[in-house]
Amino acid sequence: MRLLVTGGAGFIGSNFIRFLFRLHPDYRVLNLDKLTYAGNLANLSEAETSPNYSFQKGDICDAGLVERLMRTGIDAVVHFAAESHVDRSIAGARAFIETNVLGTYTLLDAARRLKIPRFVHVSTDEVYGSMAPGESATEQTPLAPNSPYGSSKAASDLVVRSFWKTFQFPAIITRASNNYGPHQFPEKLIPLMITNALEGKKLPVYGDGMNERDWIYVEDHCRAIDRVLHDGRPGEIYNIGSGKPSPNLEIVRRLLQILGKSDDLIEFVADRPGHDRRYALATGKITSELGWEPEVDLATGLVKTVEWYRDHSDWVQKAKSGEYREYYDRFYVNRGTSLSQI
Ligand code: NAD
Ligand code: DAU
């Protein structure tokens, strides 16, 4: 298979590319990424040595570029590229609307015209909004996003839906819960807490710390996307999660325990505006149709994640200082476009 992966330099996209090459070493991947603050090519240093991997720096909103890339002969698009951080969307949502909505439309429009036979749109449980205690969102639960980020993802899901309903364009939507694991930018809860604790800094917990998230280890998410890519039904939506929500405070305390640090590092800070209280997903559909279930339990995943951040202080230091952004200039500029490789 020849895949166009968007946003492959980010957290989940880079984990997915590494996972894919382990599972299908003969597949070819063209990674289109704008390299925003969240795109880090050091995440892909292993893949770069493969003749089956190419990178193109660019914006998914650039219709000309998107069409040119899709004309190189693509069997499927796996679309991760997005602005992904809720707090940033509260500070300003323009980039979220542009990339998440217009960018997704730009990809769909080209893929439909060029008859790309498969398109996986990677979305989020955040589109369902907050769940009441004891409740879980199924794929039929009405969309009720509360953050500007969530609303931009819900809007993109609706554009994807309309391309299936109107044009029978064979797109599939996945909606995953909160991911954690190696290579996550240290602005999200788990890597922020681990790296702050390692540096002896305070751990800022929003509100009362009792908001719940349904955590899934990133490799389990990648395995689910691979299952959907190969055997998912066009026009369908698949939830991907652990089905076991945990309060933030419990997560933070578990991390401190693994790190051997004191709970005194916890600092309760002002709540996030519009903060969703609880995310919880029902995942029976992907289990019964595609045989997928999470394999990494929370206790194991948290230990693995702490170990990765502890062993990769260089990656963390470069991510926090911004030095990682020099990677592209050193490795790609002056090497010309990598398109010819695919
Ligand atoms: P991320 O922020 O780590 O990475 C996003 C990537 O997209 C970066 O490499 C960035 O450079 C790239 N990008 C941003 N704008 C672009 C543009 N206009 N053109 C091309 N590339 C662009 O995000 P992530 O956490 O890896 O999330 C990936 C996808 O999964 C997103 O669509 C997100 O909504 C979804 N998702 C994330 C989670 C989670 O917990 N992180 C959970 C469910 C779904
Ligand atoms: O549910 C899936 C979504 O999960 C993805 O679609 C998003 O891309 C991803 O960013 C994530 O959104 P959240 O807002 O849930 O993740 P975040 O890591 O920002 O926050 C997790 C919880 O921790 C949330 O309740 C807010 C809280 N939090 C977060 C930060 C950054 C804190 O208490 N303190 C913090 O400093």
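Remember, it's 1-based here, ligands and their atoms both numbered in the order they're listed.
- Protein heavy atom at the shortest distance from atom 27 (C) of ligand 2 is N248 ND2, 3.4 Å.
- Ligand-side atoms of ligand 2 in range of T124: 1 (O), 2 (C), 3 (C), 5 (C), 6 (O), range being under 4.0 angstrom from any heavy atom.
- For ligand 2, the polar-atom distance check against H275 finds a nitrogen or oxygen pair separated by under 3.5 Å.
- For the pair Y279 and ligand 2, the shortest N or O to N or O distance does not fall below 3.5 Å.
- Only the side chain of L192 comes within 4.0 Å of ligand 2, counting heavy atoms alone; its backbone N, CA, C and O stay farther away.
- Here the heavy atom of the protein found nearest to atom 1 (O) of ligand 2 is D125 OD1, 2.4 Å.
- Close approach of ligand 1 to G58 is summarised as follows: ligand atoms under 4.0 Å from at least one heavy atom of the residue are 19 (N), 20 (C).
- Between I173 and R161 the shortest heavy-atom distance is CD1-N, 4.5 Å.
- Of all protein heavy atoms, the one lying nearest to atom 13 (P) of ligand 2 is N178 ND2, 3.6 Å.
- If you look at L189 next to ligand 2, the close heavy atoms, those under 4.0 Å, come from the backbone and the side chain alike.
- Here the heavy atom of the protein found nearest to atom 12 (O) of ligand 2 is E126 OE1, 3.4 Å.
- Summarising the contacts of atom 15 (N) of ligand 1 with L32, T99, V218, the nearest heavy atom is found in T99.
- Listed by number with element, the atoms of ligand 1 under 4.0 angstrom from any heavy atom of S123 are 43 (C), 44 (C).
- Distances between N or O atoms of H79 and those of ligand 1 include no value under 3.5 Å.
- For ligand 2, one of its N or O atoms has an N or O atom of S84 under 3.5 Å away.
- Between the choices A9, A81, G39, the shortest heavy-atom distance to atom 7 (O) of ligand 1 belongs to A81.
- Residue contact check for ligand 2: E212 places no non-hydrogen atom closer than 4.0 Å to it.
- Below 3.5 Å of separation, one finds an N or O of S84 facing an N or O of ligand 1.
- Nearest protein neighbour of atom 29 (C) of ligand 1, counting heavy atoms only, is F80 O, 3.2 Å.
- With hydrogens and angles disregarded, a donor-acceptor distance shorter than 3.5 Å links the side chain of W292 to the backbone of D220.
- The heavy atom nearest to atom 14 (C) of ligand 1, considering only A82, S177, A176, G150, is found in A82.
- Checking only distances, P204 does come within under 3.5 Å of ligand 2, N or O to N or O.
- Residue F185 places every heavy atom at 4.0 Å or more from ligand 1.
- Ligand 1 lies out of reach of S14, whose nearest heavy atom is not under 4.0 Å from it.
- Residue contacts with ligand 2, taken as heavy atom pairs separated by less than 4.0 Å, involve V86 solely via side-chain atoms from C-beta onward.
- A side-chain hydrogen bond (donor to acceptor under 3.5 Å, both in side chains) with R175 holds for exactly one of T141, D125, T124, D157; it is D157.
- Between F21 and Y53, the angle of the ring planes goes over 60°, which puts this pair in the perpendicular group of the 30/60° scheme.
- Annotation: D59 places an N or O atom under 3.5 Å from an N or O atom of ligand 1; distance criterion only.
- Here's the thing with N179: one of its N/O atoms is less than 3.5 angstrom from an N/O atom of ligand 1.
- Checking only distances, F11 does come within under 3.5 Å of ligand 1, N or O to N or O.
- The ligand atoms of ligand 2 that sit less than 4.0 angstrom from a heavy atom of R213 are 15 (O), 24 (C), 25 (O).
- In terms of polar-atom proximity, S177 is not counted as a contact of ligand 2, lacking any N or O under 3.5 Å from an N or O of the ligand.
- Counting only non-hydrogen atoms, the option in N43, V122, V66 that gets closest to atom 35 (C) of ligand 1 is V122.
- Every N/O-N/O distance between C61 and ligand 1 stays at or above 3.5 Å.
- Heavy-atom proximity to K188, at under 4.0 Å, picks out these atoms of ligand 2: 10 (O), 18 (O).
- Heavy atoms of E187 found under 4.0 angstrom from ligand 2 belong exclusively to the backbone.
- By the 3.5 Å distance cut-off applied to N or O atoms, H221 is not counted among the residues near ligand 1.
- Note: an N/O pair closer than 3.5 Å links Y206 and ligand 2 by distance alone.
- Of the protein's heavy atoms, R272 NH2, 3.9 Å lies nearest to atom 20 (O) of ligand 2.
- For the pair W215 and ligand 2, the shortest N or O to N or O distance does not fall below 3.5 Å.
- In summary, the atoms of ligand 1 found under 4.0 Å from a heavy atom of T36, numbered by their order in the structure, are 10 (C), 11 (O), 14 (C), 15 (N).
- Of all the atoms in ligand 1, the ones that sit under 4.0 Å from a non-hydrogen atom of N178 are 40 (O).
- Considering backbone and side-chain N/O atoms, I60 comes within less than 3.5 Å of an N/O atom of ligand 1.
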